[in-house]
Structures are given as structure tokens and as C-alpha cells.
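Read through the structure below, which is laid out as C-alpha cells, and then see the notes.
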Amino acid sequence: ILAVIMIFAILPVSTFATDGPAYIEPKLIMVSPNTYTVEPGDDLRLDIELYNSGEYEAEKIIATLYSDSTGMVLVDGKSFQEESSIGSEERETLRFDVEVNRNAPDGTYDMNLEVVYYDDYLKKEFTLDKIIHIRVIQEDNTPDLVVSRTDVMPSTTVNPGDPVVVGFE
């Protein structure tokens with residue numbers, strides 16, 4: 001009996017484990033940027049790149065993009081995209097068209113992206129929720145410097161190396 005106890009004591013615990021290798025479920029992550037900068041009135045195509053970092057296929061993928069709550073940034077056209085599957089270590093790009101209201105004030109508008117996918121092996125549903133930030137910045141058309149008149153002294157002809165005084169008004 002002592003010999004049997006000694007054998008059990010020196011063998012690693014993993015010798016007695018009955019579980020097989022761990023099942024690593026699919027895991028979708030968004031690898032594309034989540035912030036875009038636009039001007040009021042712009043149309044934007046969002047390319048949402050998803051990557052499956054899990055060891056098994058993500059299936060029955062439905063991605064839905066929701067317009068921002070203020071109504072200043074809207075999904076233009078289809079607000080959902082379907083993909084049959086994304087295999088392990090694979091990428092897929094989903095496209096959404098977005099329209100920015102021409103009267104949108106400067107600011108950041110949040111659009112919610114929800115990606116629902118399924119694992120047939122586990123019979124389990126997963127959800128990836130992300131916020132897409134749309135930063136609206138109005139282009140400033142006001143010039144930084146307005147020159148209404150210039151004076152060059154001593155004359156209107158300046159040769160290289162000559163001292164010159166320029167006056168602006």
C-alpha cells in the first residue's frame with residue numbers, strides 16, 4: 001500500500017485528469033477604427049473590420065448599426081449586414097453608409113454597433129457591442145490674415161540683399 005501511495009504522490013496531477021483540451025469559442029473583435037472625423041453634410045462609408053481571435057468559427061453573424069440619438073448622424077440605407085461565418089484567425093469587412101446632417105453642430109456623435117454571432121458547436125449566442133464615434137468639425141473658411149494694402153519702402157523694386165521695409169494695413 002505504501003508503494004502505491006508513493007507512486008500517486010510522485011506522478012503529476014495531469015496524469016489523472018480526464019478532461020480533453022479546452023474548447024476555445026469564437027471571439028469576434030473589431031479591429032477597424034472606432035472614430036471618424038467628418039464635416040456637416042458629408043456622406044461616409046464605414047468599413048467595420050471584424051477579426052475572429054477564437055479557435056472556432058463564428059456563424060450566423062448579424063451586425064446592426066444604430067443612428068445616433070440626436071438624429072444628426074444617420075445610417076443611410078441598410079442598417080444591418082449579415083455574414084454566414086468568419087473562421088478562426090480570419091477577417092471580414094462589413095460596410096455601412098452614414099449621412100451627416102448638413103446642420104450638425106461641431107461635436108462627437110455616437111452610433112451603436114451590435115454584432116450578434118453564434119457557435120453551432122456550443123449552441124451559444126455571443127454579442128459584441130461597440131460605439132462608433134463620429135466627430136463633426138466644421139471647416140473654418142475665415143482667413144487668418146486679411147491684407148487690404150501693402151507698402152514697400154524705399155521703392156516697389158527690391159533687389160536681392162537690399163534692405164526693405166514692408167508695411168501692412
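Please read all numbers here as calculations on a predicted model, not as lab measurements.
- With hydrogens and angles disregarded, a donor-acceptor distance shorter than 3.5 Å links the side chain of Glu59 to the backbone of Asp120.
- In the model, Glu90 has no side-chain atom that pairs as donor or acceptor with a side-chain atom of Tyr51 under 3.5 Å.
- Put simply, the side chain of Ser67 never gets that close to the backbone of Leu74: no donor and acceptor are under 3.5 Å apart.
- At distances below 3.5 Å, not a single donor-acceptor pair connects side-chain atoms of Asp110 with backbone N or O atoms of His133.
- Atom CG of residue Leu65 and atom CZ of residue Arg95 lie 14.5 Å apart, to the nearest 0.5 angstrom.
- From Asn112, atom CG reaches atom CG of Asp129 across 7.5 Å, with rounding to the nearest 0.5 Å.
- Linking ILVMFWY residues whenever their side-chain heavy atoms come closer than 4.5 Å, directly or via other members, leaves Val116 and Tyr118 in distinct clusters.
- A donor-acceptor contact shorter than 3.5 Å is absent between the side chain of Tyr36 and the backbone of Leu46.
- Asp42 contributes no side-chain N or O that, together with a main-chain N or O of Leu44, makes up a donor-acceptor pair within less than 3.5 Å.
- Screening Asp76, Ile132, Thr64, Leu113 for a side-chain contact (heavy atoms from CB on, under 4.5 Å) with Phe96, the sole residue that qualifies is Leu113.
- Counting only distance, with no hydrogens or angles, the side chain of Asp119 and the backbone of Lys124 share no donor-acceptor pair below 3.5 Å.
- Val73 and Val38 fall within the same hydrophobic cluster, where Ile, Leu, Val, Met, Phe, Trp and Tyr residues are linked whenever their side-chain heavy atoms come under 4.5 Å apart, directly or through other members.
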- Task: Start with the C-alpha gap between Val75 and Met111, add the side-chain angles, then the distance that decides, and say whether side chain to side chain contact (heavy atoms under 4.5 Å, CB included) holds.
- Result: CA-CA 9 Å; Val75 176; Met111 303 181 80; 3.7 Å; yes
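- Between the side chain of Ser88 and the backbone N or O of Gly54 there is at least one donor-acceptor pair closer than 3.5 Å.
- Note on Tyr66 and Tyr109: separate hydrophobic clusters, where clusters join Ile, Leu, Val, Met, Phe, Trp and Tyr whose side-chain heavy atoms are under 4.5 Å apart, directly or indirectly.
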